[in-house]
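When a ligand or atom number is given, it counts from 1 through the structure's own listing order.
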Amino acid sequence: MFDQNSFSLAGKVALITGGAHGLGQFYSIALSEYGADIFVVSASQRGWDETKEKVEANGQQVAFLQQDITDPDAADAIVQAVIEKFGHLDILVNNAGIQLRNDVLEFKDEDWRKVIDVNLNGLYYLSHAAAKVMSDQQHGKIINIGSMQSYRAGKRIFPYAASKHAVMGLTKAYADALAPYHIQVNGLAPGYISTDMTKPLQEDPVRGPEIAAHIPSGDWGKPEQLMGPMVFLASAASDYVTGVMLPVDGGYLLR
Ligand code: NDP
């Protein structure tokens with residue numbers, strides 16, 4: 001049976017890491033627009049007031065927990081906080097991520113560890129905790145945020161590239177392992193999107209124009225253009241899609 005309700009998220013609960021700021025805020029708004037209640041976990045309260053206002057304007061409930069996701073002991077407690085607040089967890093969006101940039105020979109081990117800790121370890125801890133609850137429920141959606149760096153090699157952000165390649169591998173393996181529990185695990189790989197994180201690139205006199213020239217339309221993406229693909233991956237419309245990393249890149253990877 002397929003109709004408009006296939007995209008509805010009414011009665012669903014989504015946990016979104018970093019869901020109050022940057023692209024995460026757009027995911028919170030998108031999923032609440034289609035009827036999901038939202039639970040945000042973030043390192044700081046950046047963007048929280050605005051996100052709360054926008055999700056509530058969509059008629060949905062929203063809750064916030066300030067917590068560093070790199071703490072391996074925090075993941076079960078985060079998932080339990082969602083269950084206590086809303087009773088179930090249907091969608092996990094692993095969006096929190098950081099990027100540190102330097103020349104390869106200057107890169108510090110501690111910076112490597114910081115990137116891997118947030119982008120890969122934190123994502124894994126929460127996926128593991130959510131999978132335990134979702135497998136009992138016999139349904140769930142896990143959506144991991146990748147990047148063009150899941151496919152390509154940014155030489156000044158190589159820990160970021162390593163982490164985002166690993167996110168793709170984890171997405172596939174988890175999709176296979178969790179399919180018997182009717183849990184779909186997919187990734188969404190934003191292309192070059194105009195945000196704070198990409199400001200240095202946009203303003204780089206060499207790389208900025210180079211990137212625009214590589215995108216078939218010549219346009220950097222807008223955060224709003226990720227909202228439809230996010231709703232699709234979170235909804236019943238994608239129930240037979242699992243283990244993919246969906247590039248939302250204006251065709252960047254075609255070249
Ligand atoms: P932002 O820096 O704007 O947002 C990242 C969010 O993650 C923030 O809310 C931040 O919290 C949170 N966060 C970071 N570290 C932790 C932590 N240890 N524990 C809990 N929360 C944490 O980044 P973007 O919105 O630009 O990026 C979001 C995701 O999209 C990332 O995974 C990024 O790699 C990916 N991406 C972004 C692209 C872009 O063009 N911007 C392109 C491709 C992928 P706080 O605000 O408190 O720091």
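- For the pair Glu106 (side chain) and Asp103 (backbone), a donor-acceptor distance under 3.5 Å is absent.
- A salt bridge links Glu210 and Arg207; the closest N-O separation between the charged side-chain nitrogens and carboxylate oxygens is under 4.0 Å.
- Salt bridge Lys12/Asp37: absent, no basic N to carboxylate O contact under 4.0 Å.
- Around ligand 1, the residues contributing at least one heavy atom under 4.0 Å from the ligand are Gly18, His21, Gly22, Leu23, Ser42, Ala43, Ser44, Arg46, Gln67, Asp68, Ile69, Thr70, Asn95, Ala96, Gly97, Ile98, Val118, Ile145, Gly146, Ser147, Tyr160, Lys164, Pro190, Gly191, Ile193, Thr195, Met197, Thr198.
- Applying the side-chain hydrogen bond (donor to acceptor under 3.5 Å, both in side chains) definition to pairs two or more places apart or across chains, those involving residues 164-173 are Asn144-Thr171.
- With a 4.5 Å cut-off on side-chain heavy atoms, Asp111 and Asn102 do not count as touching.
- Ion pairing of Glu203 with Lys199 is absent here, as no side-chain N (NZ or NE/NH1/NH2) approaches a carboxylate O to less than 4.0 Å.
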